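Presented below is the structure to which this report refers.
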Amino acid sequence: MAAVDIIVGSVYGSAFSVAETLEEALIGAGHQVTLHEEAQLSDLDTSHFWLWVTSTTGQGELPPNLLPLFEEMRESCPPMPELRYALATLGDSSYEHFCGAGVQLEALLQELQAQAVTEGLKVDASETLEPEEPALVWLSSWISKI
């Protein structure tokens, strides 16, 4: 099975809870999983599958624990065409910049030539009380591509 790095950006804990739920499902499917709450680029391996799970602040910004990695990647990362990833973003559509953190991450990953294995998930807090549920459905739709 595959090695998976789950990279989490969370402010109030919802994204972390989603990440733990996805970690459990991936381990149950036989994958080797490492959960990163405050990842640095040196902690990650581009030969692993990267699963991003992030919340979005009210202004569409990245959570503070994810911002240093994002900036490090933007400033010093070479193209990574070998990197395969998936991206789940939590947000609230009542805000102007709905899932803005995911939009920023997606743009950076595309700029670095990383390969998405599926369309990103956007979970709307104004429609869903338990973001783990749609995240598990989303994971089941592409887990065979890891």
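Keep in mind it's a predicted model, so treat the numbers as computed, not measured.
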Within the structure provided, determine whether [X] and [Y] are in side-chain contact (heavy-atom separation under 4.5 Å).
X: Ser14; Y: Ser55; answer: no
X: Leu121; Y: Thr89; answer: no
X: Val8; Y: Leu66; answer: no
X: Leu35; Y: Glu20; answer: yes
X: Leu90; Y: Thr56; answer: no
X: Leu69; Y: Leu44; answer: yes
X: Ile7; Y: Trp50; answer: yes
X: Tyr85; Y: Val117; answer: no

Between Ser126 and Ser94, is any side-chain donor less than 3.5 angstrom from a side-chain acceptor?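 The criterion, which ignores hydrogens and geometry beyond distance, is not satisfied for Ser94 and Ser126.
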
First locate atom [atom1] of [X], then atom [atom2] of [Y], and finally report the distance between them rounded to the nearest 0.5 Å.
X: Met73; Y: Glu111; atom1: CE; atom2: CD; value: 10.0 Å
X: Asp5; Y: Thr34; atom1: CG; atom2: OG1; value: 5.5 Å
X: Ile146; Y: His31; atom1: CD1; atom2: NE2; value: 4.5 Å
X: Glu71; Y: Leu108; atom1: CD; atom2: CG; value: 11.0 Å
X: Thr46; Y: Arg84; atom1: OG1; atom2: CZ; value: 12.5 Å
X: Met1; Y: Leu26; atom1: CE; atom2: CG; value: 10.0 Å

Heavy atoms only: give me the nearest [X]-[Y] pair and the separation to one decimal.
X: Pro131; Y: Leu129; result: CD-O, 3.5 Å
X: Val11; Y: Pro64; result: CG2-CD, 4.1 Å
X: Ala135; Y: Val18; result: CB-CG1, 3.6 Å
X: Trp138; Y: Gly120; result: NE1-C, 4.1 Å
X: Thr54; Y: Ala15; result: C-CB, 4.0 Å
X: Gln113; Y: Gln115; result: O-NE2, 2.8 Å

Are [X] and [Y] linked, directly or through other ILVMFWY residues, by side chains that come within less than 4.5 angstrom of each other?
X: Leu83; Y: Leu105; value: yes
X: Val53; Y: Ile27; value: yes
X: Val103; Y: Leu62; value: no

Measure from the side-chain N and O atoms of [X] to the backbone N and O of [Y], and report whether any donor-acceptor pair falls under 3.5 Å.
X: Trp52; Y: Gly9; result: no
X: Asp92; Y: Phe98; result: no
X: Glu72; Y: Leu41; result: yes
X: Thr57; Y: Glu61; result: yes
X: Thr128; Y: Ala125; result: no
X: Asp124; Y: Ser93; result: yes

For Ser17, give me all partners under side chain to side chain donor-acceptor pair (under 3.5 Å), at least two apart in sequence or on another chain.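 Checked Ser17 against side chain to side chain donor-acceptor pair (under 3.5 Å); matches are Glu132.
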
Should the heavy atoms of other residues, nucleotides or ligands under 6.0 Å from [atom1] of [X] be counted, would the total exceed 12?
X: Gln32; atom1: CD; value: no
X: Gln110; atom1: CD; value: yes
X: Glu82; atom1: CD; value: yes
X: Tyr95; atom1: OH; value: no
X: Glu96; atom1: CD; value: no

When the aromatic ring centroids of Trp142 and Phe49 are compared, is their separation below 6.0 Å?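 Yes, the ring of Trp142 comes within the 6.0 Å limit of the ring of Phe49, centre to centre.
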
Looking at Ile6, Leu22, Leu51, which hits side-chain contact (heavy atoms from CB on, under 4.5 Å) with Val33?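 With Val33 as partner, Ile6, Leu22, Leu51 yield a single side-chain contact (heavy atoms from CB on, under 4.5 Å), made by Ile6.
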
